[in-house]
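Worth saying up front: this structure is predicted, and the values here are computed from it rather than measured. Residue indices begin at 1 and follow the sequence shown.
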Amino acid sequence: MTVDEIICSLKADALVPSRFPVRLIFTESLIEYKKLVDQLKNITDKTAIINIGDSCVGDDKYPAQSILDSKITQSGDSVVLLSMSEYLRIGMDRELGTQKLFMSLWERQQSEASLRRIIIPLFSAKDLFDRLISKIDPRQTDCIFMVDGKSSQRYDLIFCAPCFESIFKDATIGIKAWLLNWDKLLVANPQQKIITTLFARIQKTASSVFVDKQDDIFSYLKSITNETGLIQKWGTDEQWTILAKAHTDATELGSTIDSVLKVSKFDPIIVLSRWKTMTADDRWLTWLRFRLTDIKGYIAYIFRNSKSINAIEKDLQFGIFDLLAEHPEWIDEYRAVKTVLTPPTTSEYISRLESLEFGKMRLSLLTCDNHEEKTYAIKIASEMIRAGNCIKSVGKAFVTLYPEFAFYLLSADKLPAELRDYFAWYIQKKVENRYENGEGLISVINLEKYNSRNSTIT
């Protein structure tokens, strides 16, 4: 039947007494549903429009039977009851259980002489009705109407746990708001999200209106990304929420992390330079970024293999000792790590340096950014000289690492010839930390040639 034909039938039916007050009108088209509702409002001069959502006892509560019955009783002989289809979509478990709001209406009987009518238009709900009513009373056969035609439009409803409220900013909050506004919302957007504490009671359905539910943020995030390697235990619900809030379908998850970290390009050293001032969440995001990318190198290796995020800083300082033999190419990156993190040079660290066989290898791991490393560098220089290296070769080894010390080691070359040998010997013995008599190196020096004390090295 068309909407117009149904309206004509209902007008005629309103004049005939009936034992059963309820009339159901099913339609598969939202356009036809809205047309039907508009015409039902004027089916009689005294037709009352009741939205079942107004019977909810709270913003996120199901409609109450007692409140609905009271509204119907107070509304005269002609009532149009709206949003019943949406109630069935979210309250099927109630209807199949003991709280049969819809069933109590459908099975309601009245005096044979009564003209009362309760007209219920239902959108895409015939399958829901069939689940509840396996056999129709023959006396109610004429109480059911079907609007001709089907709709090719698909509608998707996702009922979400309250933890999604910060993620879906455009979601409808609460069952009551959904019941009162669902038709306008679906016209505006056929994909709707509803935040409700009752999500666990929602039953999934598949028809022209697909009903799904979402209660796990990690599962949701994984479903909207291509990161099949994500593991839930890597983060907390709160941490996964940070990513879910920021992620869009147009970006890779790695780009989302970069956006949250406010970096235009993920450079390990640049990101690590902010490590000490990062929040715990930003450190976790940095750790996750390394897990999700194929970045190579020392920093990436440590991030992927540390037992915990809290251990990363120490592992970055000490991990090189176990990796140096296999990855000598990581030395420069390691030194850059030390420069940005400035870890303390502890006795434990010095002990690990001492375990390395060659002085130059130990020297390659230093940055001389603090007093302790400079002191240890001088100790290595002393060992190198004692091992037979000349003062010039040792000095050249420190030109980049410790330029002030290198200048001192090589300063004898800049002295007048009569002083050069003596000061080269003096500097070597001072660094070597050995005393020997250098009388044989002292020539007769004309002190009048020098303007002041120390003028030869200033």
Side-chain angles (χ1 to χ4, degrees), residues 166-167 217-218 221 225 227 230-248 251-323 327 330-350 352-353 364-377 400-402:
S166 62
I167 298 173
I217 290 178
F218 174 79
L221 180 65
T225 67
E227 300 294 348
L230 278 180
I231 299 176
Q232 188 162 10
K233 67 179 182 180
W234 284 354
T236 64
D237 287 343
E238 291 76 15
Q239 289 170 331
W240 293 123
T241 299
I242 294 171
L243 276 181
K245 286 169 64 175
H247 188 72
T248 63
T251 61
E252 297 292 331
L253 193 56
S255 298
T256 299
I257 294 175
D258 294 348
S259 177
V260 177
L261 292 175
K262 295 181 173 60
V263 295
S264 56
K265 181 181 179 181
F266 191 82
D267 182 282
I269 289 295
I270 293 176
V271 173
L272 200 60
S273 67
R274 299 163 48 192
W275 183 260
K276 290 183 178 294
T277 59
M278 282 183 180
T279 64
D281 288 334
D282 282 352
R283 288 188 175 192
W284 173 76
L285 287 169
T286 302
W287 173 85
L288 183 64
R289 184 70 164 86
F290 280 107
R291 288 270 178 170
L292 298 178
T293 58
D294 59 354
I295 297 174
K296 308 297 184 183
Y298 178 69
I299 299 174
Y301 179 90
I302 295 298
F303 268 84
R304 293 190 185 109
N305 290 277
S306 287
K307 293 183 178 180
S308 71
I309 295 176
N310 292 333
I312 284 176
E313 202 165 336
K314 185 172 182 179
D315 288 346
L316 283 168
Q317 183 181 13
F318 286 88
I320 194 66
F321 295 106
D322 298 320
L323 301 168
H327 294 283
W330 286 353
I331 288 178
D332 288 342
E333 187 178 355
Y334 173 75
R335 286 163 54 84
V337 168
K338 288 183 62 180
T339 298
V340 297
L341 287 183
T342 61
T345 305
T346 61
S347 57
E348 180 186 3
Y349 182 69
I350 295 297
R352 292 300 301 271
L353 283 173
S364 69
L365 301 183
L366 299 179
T367 58
C368 291
D369 288 334
N370 58 44
H371 175 74
E372 291 79 8
E373 288 210 357
K374 289 178 179 178
T375 301
Y376 188 70
T400 302
L401 175 63
Y402 191 176

Atom CD1 in Ile231, atom CZ in Phe218: separation rounded to 0.5 Å?
8.0 Å
Salt bridge (charged side-chain N to carboxylate O under 4.0 Å, His left out) filter on Arg283, not counting sequence neighbours, yields none
With a 3.5 Å cut-off and sequence neighbours excluded, list the donor-acceptor pairs that the side chains of residues 259-269 form with protein atoms.
unit_1	atom_1	unit_2	atom_2	d
Asp267	OD1	Ile269	N	3.1
Asp267	OD1	Ile270	N	3.1

Hey, does the side chain of Gln317 reach the backbone of Pro344 with a donor-acceptor pair shorter than 3.5 angstrom?
yes
Phe303: ring-ring contact (aromatic ring centres under 6.0 Å, His included) partners, not counting sequence neighbours
Trp275, Phe290
Please list all pairs meeting side-chain hydrogen bond (donor to acceptor under 3.5 Å, both in side chains) that have one or both residues in residues 330-344, counting only residues at least two apart or in different chains.
Tyr334-Tyr349, Lys338-Tyr349, Lys338-Glu373
Smallest heavy-atom separation, Leu316 atom then Ile299 atom, equals CD2-CA, 4.2 Å
Quick one: are Ile257 and Leu292 in side-chain contact, heavy atoms under 4.5 Å?
yes
Side chains of Thr345 and Asp369 in contact at under 4.5 Å (non-hydrogen atoms):
no
Determine the minimum heavy-atom distance between Leu341 and Leu272, stating which atoms define it.
CD2-O, 3.8 Å
Between Gln239 and Thr236, which heavy-atom pair has the shortest distance, and what is it?
OE1-N, 2.9 Å
Just do the side-chain contact (heavy atoms from CB on, under 4.5 Å) check on Leu285 and Met278 with the steps written out, would you?
CA-CA 10 Å; Leu285 287 169; Met278 282 183 180; over 6 Å; no
Which pairs pass salt bridge (charged side-chain N to carboxylate O under 4.0 Å, His left out) with one or both residues in residues 232-243, sequence neighbours excluded?
none
Trp240 and Leu221: which non-hydrogen atoms are nearest, and at how many Å?
CE3-CD2, 3.7 Å
Output the distance between atom OG1 (Thr225) and atom CG (Leu243), rounded to the nearest 0.5 Å.
9.5 Å
How about NZ on Lys314, more than 12 heavy atoms from neighbouring residues, nucleotides or ligands closer than 6.0 Å, or not?
no
Show me the pairs that pass side-chain hydrogen bond (donor to acceptor under 3.5 Å, both in side chains) and involve residues 286-308, at least two apart or across chains.
Asp258-Arg289, Ser306-Asp315
Is there a side-chain contact between Ile320 and Val337 (heavy atoms, below 4.5 Å)?
no
Polar side-chain atom of Trp284 near backbone of Trp234 as donor-acceptor pair, under 3.5 Å
yes
Looking at every non-hydrogen atom in both residues, tell me the closest pair between Ile217 and Ala244 and how far apart they are.
CG2-CB, 4.0 Å
Answer yes or no: is there a side-chain heavy-atom contact under 4.5 Å between Tyr402 and Leu366?
no
